[in-house]
Every structure is written in C-alpha cells, then in structure tokens.
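Take a look at the structure below.
Keep in mind that the numbers below use all heavy atoms, side chains included, and drop hydrogens, waters and symmetry copies.
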Amino acid sequence: KEIYKTYENFSSVGSQVTFEVTFFFRGLSLSFQPTYRTNRFAYSNSYEWMDAENPENRLLLNYAQEHKIAYLDWPILARYEFQFAKLKPYAQLGLYSSLLLEATKEVTISGEDYASGGVHHFENEPIIIGASDLFAKHHWGLVVGGGIYYPMGNVRLNLDVTYKIGMSNISSTQNRY
C-alpha cells in the first residue's frame, strides 16, 4: 500500500537575518551575505487498521508533522548594477553554502478508535524530537536574483529577490529511513 503525504503549501512562516558586505567597482560588485535562516514545512498523512473478521473494529490514525530547520548560509554574489537613475536596479548571480544548525520535528497523532466498544475520538499531545540526523549537515547551490536599491549616503534601502537552486541533497541519505 502506498503512503501519501498532504503538504500544507505556504502555510508555515520562516525567517532570516542577513548582514551584507559589498565591494563595488564601476557597476560591478561582489557581495558576501552571511545569513541565519529558519525554514518550516508541514504535512499530514493517515493510516487505517481494520479487523479482517469484523470490519466494524477499526482504527483511524492521523499524523500532523511539522519540521523546523535552522541554517547558516554563506552566499557570495556577483552583481551588475544599472547606473541610470536614483533608484538603482541590479541583477545578480552566485553560489551559496549552507550549514545545518538545528532541526526539530513535531508530530501530533489523532484519530478515531472504533475497536474499543464504541467511537472514541482522541488527540495526543505533540511529540517534539531532534531531527538533525534527517538532514545533510552541509549543502550548496546556485543563486539567481535581482533587486532595486535607493542610496542614502553610506546606507542603501534595498529590495532583493533571490531564487536558490540546490545542487546537493539536503536530506541525509544515510539516515533517511
């Protein structure tokens, strides 16, 4: 029997804090942006047990699972800045390396028990465990992006959009199952 997971797309909020150091030379720049990043994702799956002799005796189990992962990212980006207005757009390309700092998994089990002489609904307290062994300690990839900034003296007000393309597996292949 196949096991299906239902992911809760875009429902879990992550966060990031970045410090940027940029070296600029005539429209081209090299940017180093160490980042502390957290990601969260959630999914659920269900299982059913049924007595072959008495189908009325059955147990339905629902698992709601949420992973929280913290990384330290080390991106290095080459950036071309267009110099024709006070608002300055740019395009960038680079590499990143990520180091896993921590990962946890929270599992909540709920269900319906029809086998105990009636219908019994239950929901257990969440179980939170360390999940760092499920993820690779290090992964890397490419970064593509762009943005726009407004110079204010030695400080820039910046809007940046980046897309990361992972080039290595973030799952630990040794501890996957």
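Within the 4.5 Å cutoff, side-chain heavy atoms of Leu61 are placed close to those of Leu59. Residues Leu30 and Phe24 have side chains not in contact (no heavy-atom distance under 4.5 Å, counting atoms from C-beta outward). By the 4.5 Å heavy-atom criterion applied to side chains, His139 and Asn169 are not counted as neighbours. Within the 4.5 Å cutoff, the side chain of Asn124 has heavy atoms near those of the Phe122 side chain. Between Thr35 and Val17 there is no side-chain heavy-atom pair separated by less than 4.5 Å.
The side chain to side chain donor-acceptor pair (under 3.5 Å) test applied to Ser168 returns no partner, not counting sequence neighbours. With sequence neighbours left out, Asn62 forms a side chain to side chain donor-acceptor pair (under 3.5 Å) with Ser46. Partners of Tyr90 according to the ring pair (Phe, Tyr, Trp, His ring centres under 6.0 Å) rule, which considers only residues two or more places apart in sequence or in another chain, do not exist here. Remark: His120 engages no residue in a side chain to side chain donor-acceptor pair (under 3.5 Å) (not counting sequence neighbours). In this structure, Ser12 has no side chain to side chain donor-acceptor pair (under 3.5 Å) partners at least two apart in sequence or on a different chain. Applying the ring pair (Phe, Tyr, Trp, His ring centres under 6.0 Å) rule to Tyr36 yields no partners; only residues at least two apart in sequence or on another chain are considered.
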Below 3.5 Å, can you tabulate the donor-acceptor pairs from side chains in residues 70-87 to any protein atom, sequence neighbours excluded?
{"unit_1": "Asp73", "atom_1": "OD1", "unit_2": "Arg37", "atom_2": "NH2", "d": "3.0"}
{"unit_1": "Asp73", "atom_1": "OD1", "unit_2": "Ser98", "atom_2": "OG", "d": "2.5"}
{"unit_1": "Asp73", "atom_1": "OD2", "unit_2": "Arg37", "atom_2": "NE", "d": "2.6"}
{"unit_1": "Asp73", "atom_1": "OD2", "unit_2": "Arg37", "atom_2": "NH2", "d": "3.4"}
{"unit_1": "Asp73", "atom_1": "OD2", "unit_2": "Lys164", "atom_2": "NZ", "d": "2.8"}
{"unit_1": "Arg79", "atom_1": "NE", "unit_2": "Gln92", "atom_2": "OE1", "d": "3.1"}
{"unit_1": "Arg79", "atom_1": "NH1", "unit_2": "Glu20", "atom_2": "OE2", "d": "3.2"}
{"unit_1": "Arg79", "atom_1": "NH2", "unit_2": "Glu20", "atom_2": "OE2", "d": "3.3"}
{"unit_1": "Arg79", "atom_1": "NH2", "unit_2": "Gln92", "atom_2": "OE1", "d": "3.1"}
{"unit_1": "Glu81", "atom_1": "OE1", "unit_2": "Tyr149", "atom_2": "OH", "d": "2.9"}
{"unit_1": "Glu81", "atom_1": "OE2", "unit_2": "Ser29", "atom_2": "OG", "d": "3.4"}
{"unit_1": "Glu81", "atom_1": "OE2", "unit_2": "Arg156", "atom_2": "NH1", "d": "3.2"}

Check: When you look at His67 and Thr104, which way does the side-chain hydrogen bond (donor to acceptor under 3.5 Å, both in side chains) test go after all the steps?
Finding: CA-CA 6 Å; His67 288 261; Thr104 60; over 6 Å; no

Check: Between Ser44 and Gln65, is a side chain to side chain contact (heavy atoms under 4.5 Å, CB included) present by the stated rule, with each step listed?
Finding: CA-CA 6 Å; Ser44 60; Gln65 304 181 43; over 6 Å; no

Margin query: For Gln33 and Ser31: C-alpha separation, side-chain torsions, deciding distance, then whether side-chain hydrogen bond (donor to acceptor under 3.5 Å, both in side chains) applies.
Written below: CA-CA 6 Å; Gln33 301 174 2; Ser31 180; 3.0 Å; yes

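Residues Leu60 and Tyr114 approach most closely at CD1-CE1, 3.9 Å, considering heavy atoms. Minimum interatomic distance between Ala103 and Ser132 (heavy atoms only, all atoms of both residues): N-OG, 3.2 Å.
Both Met152 and Ile148 are part of a single hydrophobic cluster, where members link through side-chain heavy atoms under 4.5 Å apart. There is a path of hydrophobic side-chain contacts, each under 4.5 Å, that joins Leu159 to Leu157.
Residue pairs meeting the salt bridge (charged side-chain N to carboxylate O under 4.0 Å, His left out) criterion with at least one partner in residues 120-129, sequence neighbours excluded, are absent. Residue pairs meeting the salt bridge (charged side-chain N to carboxylate O under 4.0 Å, His left out) criterion with at least one partner in residues 94-122, sequence neighbours excluded, do not occur; the list is empty. Residue pairs meeting the salt bridge (charged side-chain N to carboxylate O under 4.0 Å, His left out) criterion with at least one partner in residues 140-152, sequence neighbours excluded, are absent.
No more than 12 heavy atoms of other residues, nucleotides or ligands lie within 6.0 Å of OH in Tyr150, so this atom counts as exposed by the packing criterion.
The distance from atom CZ of Phe135 to atom CG of Asn39, rounded to the nearest 0.5 Å, is 9.5 Å. The line from CG of Leu134 to CD1 of Ile129 is 7.0 Å long, rounded to the nearest 0.5 Å. For the atom pair Thr38 OG1 and Lys68 NZ, the distance stands at 9.5 Å (nearest 0.5 Å). Atom OG of Ser110 and atom NE2 of His121 lie 11.0 Å apart (nearest 0.5 Å). We find the OH-CG distance between Tyr43 and Asn9 to be 14.0 Å, quoted to the nearest 0.5 Å. A distance of 4.5 Å separates OH of Tyr63 from CD1 of Ile109, quoted to the nearest 0.5 Å.
Under a 4.5 Å side-chain heavy-atom criterion applied to ILVMFWY residues, the cluster that includes Val144 comprises Leu93, Leu95, Trp140, Leu142, Tyr163, Ile165, Met167 as well. Side-chain contacts under 4.5 Å among hydrophobic residues (ILVMFWY), followed directly or transitively, place Ile128 with no other residue at all.
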